[in-house]
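Before any comments, here is the structure.
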Amino acid sequence: MLKIYNTLSKEKEVFQPINPEKVGMYVCGMTVYDYCHMGHARVLVMFDVITRHLRRHFPQVEYVRNITDIDDKIIQRAIENKEDIYALTNRFIDAMHEDERALGILPPDAEPRATDAIDQMFYMIKTLIDKGIAYQGENGDVYYSVRQFKNYGKLSGKNIDDLEAGARVGVESNKKDPLDFVLWKMAKPNEPSWESPWGDGRPGWHIECSAMSCNHLGNHFDIHGGGMDLAFPHHENEIAQSEGANDCTFVNTWMHVGFVNINNEKMSKSLDNFFTIRGVMENYDGESLRYFIMSSHYRSPLNFSDENLDNAKASLTRLYTATRGLQASESAMEEVSQRFDFEARMTAALDDDFNTPIALSILFELAKMVNAEREKDLDQANALGQLLKNSVVTLAFYKWMQMNF
RNA sequence: GGCCGGAUAGCAAAGCGGUUAUGCAGGGGCCUGCAAAGCCUUACAGACCAGUUCGAUUCUGGUUCCGGCCUCCA
C-alpha cells in the first residue's frame, strides 16, 4: 500500500489514483538560462525514483515535466550574452539532458515547453477574465485577482490577510491588490512577444504550468511536484488559476522535495553558493551523486559537502564489492528473495513515502549476508549476490544494468 | 512581524512507546605470505526542562538554538 506525504493535508495518505489504470504526474522543471545545480539534481533524481516506483504499482504512469523557456531571466541572460534567446535555451536544454543521463534519470514521458503552449495559456486567461477572476491593468498587463479565489493559501497554509499585512509596498500600482499576480505581461521594445487579445506580450510564470499540466493530464490529475520553494507562491497560484478556470479540483497529491544546503544554508543562485551538476562531476561519478541524493529522505534537508559525497562513494563501493563475481539463476534468486523477504521489505520502504534511506539500509543488510555466505555456502552467496544486483537496480544504480557480471 | 519545519552517537542518516537501524570513521580479534576486500566483536546517541506512562529518543507542553517561506528560485 503506497503512502505519500501530501503538502495539502500535511499528512501521509494512502495513494489512490483517480484512474487506477493510469497515473498522471506533473513536475515543475527548469528555467533554462544556466546549468543545473545540485538542487535541481535532487528534484530530478527523486522524481525519477518516484516514477520508477509508481510504475511498479500501476500499469501506466504519465510523467510530465515542463521546461520554462521564456521569462525575465532568460531574456536578460540572452542580452548579456548577445545570444539569440532560442540558441540560449536550446543550449541549456541540451546540457540539462546530458546531466540527467549522467545521473541515470529516465526522460519524462512529455517535456512541454512554455513557448509551445501559448494558445492554451490564452484560453485559460480568457476564461479567467470572462469569469471576472482576472483583469487587465492600465499598463495592459493581465492580473489574477487573488481575492476572487476563496481557497487562496490552502496549499501553503497562509491566509490572504496575513500575507497582506507582511506585503512590501507595491511597486505595481496597476494591481488592484498587492497579492495579485501577472498572467500576461506587455512586451517592452525588442523583447520576444506573442500577439494576444490583450496586446503583444508574454506569459507570466505561473500560467504556463497550469496550461501545460491541464493540457497533458486533464483538469484534475493525481500528483504535482517540485522543489519546496515552489509551494508558495508558484503552486498556490497554479491552484488558483486552474481551479478558478476549470471549477474542479486541480491536483490530489502535492509533493515537495527539500532543499540542498551548504553549511546549513539553502543552495541558491541568489546566495551564489551553488554547485552545478557538471562541476561536481569533475570529481565524483554520477552514480555517487545519485546515492548521495537518496541517502536522505526526500523531504529532509540534504547537506552538500565533499565529506558527504566521499561517504556516498564509499558506501556505494561496498555494495559493488559485495556483488563481485557472483551470479545465479533467476529461480535460485527468487528462492532466496522469498525466503529472506528482501523484495517485500524494499517495496515496503519505498511504499512508505519513498523512504530511500531505509531501502538502502536493506541493501546493506543483504550485502553483509552475501559477504558472510561467500565463506560458508557459495550457492547461497551466488543467489543472494544476484538478488543484491537486482535489488540495486530497483533504485536505478545504473552501472549495474550496464555491467556484465 | 506572520506562517512552516528541524534538533539522534566522531561524521552522515532512519524507523520505533519497551527488543541490533544502516554506511563511513574508532577499539579488539579472525582470515591472507603481505595488502586489499571480508567476517566476528566493541565503544560512542537522541538540545534543555517538565508532564503523561509500569516504561519515552519516540506522545504532550514549555525553553533554547538552527533552517525555510512571506520577492526570482528546484
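Lettering of chains follows the sequences in order, A, B, ..., and the numbering in each one begins at 1.
- When both distances must be under 3.5 Å, the Watson-Crick or G-U wobble mate of B/C39 is B/G29.
- Under a cutoff of 6.0 Å and an axis angle of 45°, A/K176 and A/Y135 form a cation-pi pair.
- For the pair A/L163 CG and B/C69 P, the computed distance is 15 Å after rounding to whole Å.
- Of the candidates B/A21, B/A12, B/A74, the closest approach to any side-chain atom of A/N308 belongs to B/A12.
- What separates CG of A/L179 from P of B/C69 is a distance of 18 Å, to the nearest Å.
- Atom-to-atom, CD of A/E307 to C1' of B/C24 comes out at 9 Å; the value is rounded to the nearest Å.
- When each of A/G258 and A/N261 is assigned the nucleotide of RNA chain B bearing its nearest heavy atom, the one mapping closer to the 5' terminus is A/N261.
- Between A/F274 and A/H37, the ring planes are tilted. Angles from 30° to 60° get that label.
- Taking atom C1' in both B/A45 and B/U22, the straight-line distance is 14 Å, to the nearest Å.
- When ring centroids are compared, A/F181 and A/Y143 stay outside the 6.0 Å threshold.
- Within 4.0 Å (heavy atoms only), A/N264 reaches sugar-phosphate atoms of the nucleic acid but no base atom.
- Contact annotation: A/K368 reaches the phosphate of B/C40 (side-chain N/O to OP1 or OP2, under 4.0 Å).
- Comparing A/T31 and A/S361 by the nucleotide of RNA chain B that holds the closest heavy atom to each, the one mapping nearer the 5' end is A/S361.
- In the set B/A14, B/C4, B/A74, the nucleotide with an atom closest to the side chain of A/K10 is B/C4.
- Going from the P atom of B/G6 to that of B/G15 covers 11 Å, rounded to whole Å.
- Pairing for B/C72 is absent, judged as Watson-Crick or G-U wobble with the two contacts each under 3.5 Å.
- Side-chain proximity of A/K266 to B/C69, B/G2, B/C11: nearest is B/C69.
- For B/A45, there is no paired base (Watson-Crick or G-U wobble, both distances below 3.5 Å).
- Nucleotide B/G23 holds its C1' atom 14 Å from the CG atom of A/L388, rounded to whole Å.
- Spacing between B/G46 and B/A9 at atom P, rounded to whole Å, works out to 8 Å.
- The separation of B/A25 from B/A36, taken at their P atoms, amounts to 12 Å, rounded to a whole angstrom.
- A/M38 comes within 4.0 angstrom of no nucleic acid atom, judged by non-hydrogen atoms across all strands.
- To the nearest angstrom, C1' of B/G23 lies 15 Å from CG of A/L366.
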Scan nucleotides 26-37 of chain B nucleotide by nucleotide, 5' to 3', and note B when protein non-hydrogen atoms come under 4.0 Å of the base, S if they reach only the sugar-phosphate, - if neither. -----------S
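- No hydrogens or angles were tested; on distance alone, nothing pairs the side chain of A/K158 with the base of B/C70 as donor and acceptor under 3.5 Å.
- Heavy atoms of A/G157 sit under 4.0 angstrom from primed sugar atoms or phosphate atoms, though from no base atom.
- Summarising the geometry, the separation between CG on A/N159 and P on B/C3 is reported as 9 Å, rounded to the nearest angstrom.
- Annotation: B/U41 and B/U60 have their C1' atoms spaced 40 Å apart (nearest Å).
- Residue A/H297 is in sugar-phosphate contact alone, with no base atom involved, counting any heavy-atom pair closer than 4.0 Å across all strands shown.
- Using the Watson-Crick or G-U wobble rule with both distances under 3.5 Å, B/U60 pairs with B/A50.
- By the neighbour-count criterion of 12 heavy atoms within 6.0 Å, atom CD of A/E138 is sparsely surrounded, having that number or fewer from other residues, nucleotides or ligands.
- For the OP1/OP2 pair of B/A14 and a distance below 4.0 Å, the side-chain nitrogens and oxygens of A/S300 include at least one atom meeting the criterion.
- Atom CZ of A/F181 is separated from atom P of B/C72 by 11 Å (rounded to the nearest Å).
- Atom-to-atom, CZ of A/F232 to C1' of B/C72 comes out at 13 Å; the value is rounded to the nearest Å.
- With a 3.5 Å ceiling on both atom-pair distances, B/U8 lacks any Watson-Crick or G-U wobble partner.
- Residue contacts shown for A/V27 are absent, as no nucleic acid heavy atom lies under 4.0 Å away.
- Relative to the ring axis of A/F259, A/K266 places its NZ or CZ within 45° and under 6.0 Å from the centre.
- Taking the six-membered ring for Trp and thresholds of 30 and 60 degrees, A/F232 and A/Y152 have ring planes more than 60 degrees apart, a perpendicular arrangement.
- A salt bridge (charged side-chain N to carboxylate O under 4.0 Å, His left out) check over residues 23-46 of chain A, counting only residues at least two apart or in different chains, returns the pairs A/D34-A/R77.
- B/C49 and B/U64 are spaced 15 Å apart, taking the P atom of each and rounding to whole Å.
- Separating the C1' atom of B/C39 from that of B/C44 is a span of 22 Å, rounded to the nearest Å.
- For the P atom pair drawn from B/C24 and B/A37, the interatomic distance equals 10 Å after rounding to whole Å.
- Among the heavy atoms of the strands, none lies under 4.0 Å from A/S305.
- Residue A/K73 is in base contact, counting any heavy-atom pair closer than 4.0 Å across all strands shown.
- Ring to ring, A/F304 and A/F275 are close: their centroids are under 6.0 angstrom apart.
- Residue A/D352 is out of contact with every strand shown, counting any heavy-atom pair closer than 4.0 Å.
- Under the 30°/60° scheme for interplanar angles, the aromatic rings of A/F364 and A/Y291 are found to stand perpendicular.
- Cation-pi geometry between A/K154 and A/F149 is not met: the NZ or CZ atom fails to fall both under 6.0 Å from the ring centre and inside 45° of the normal.
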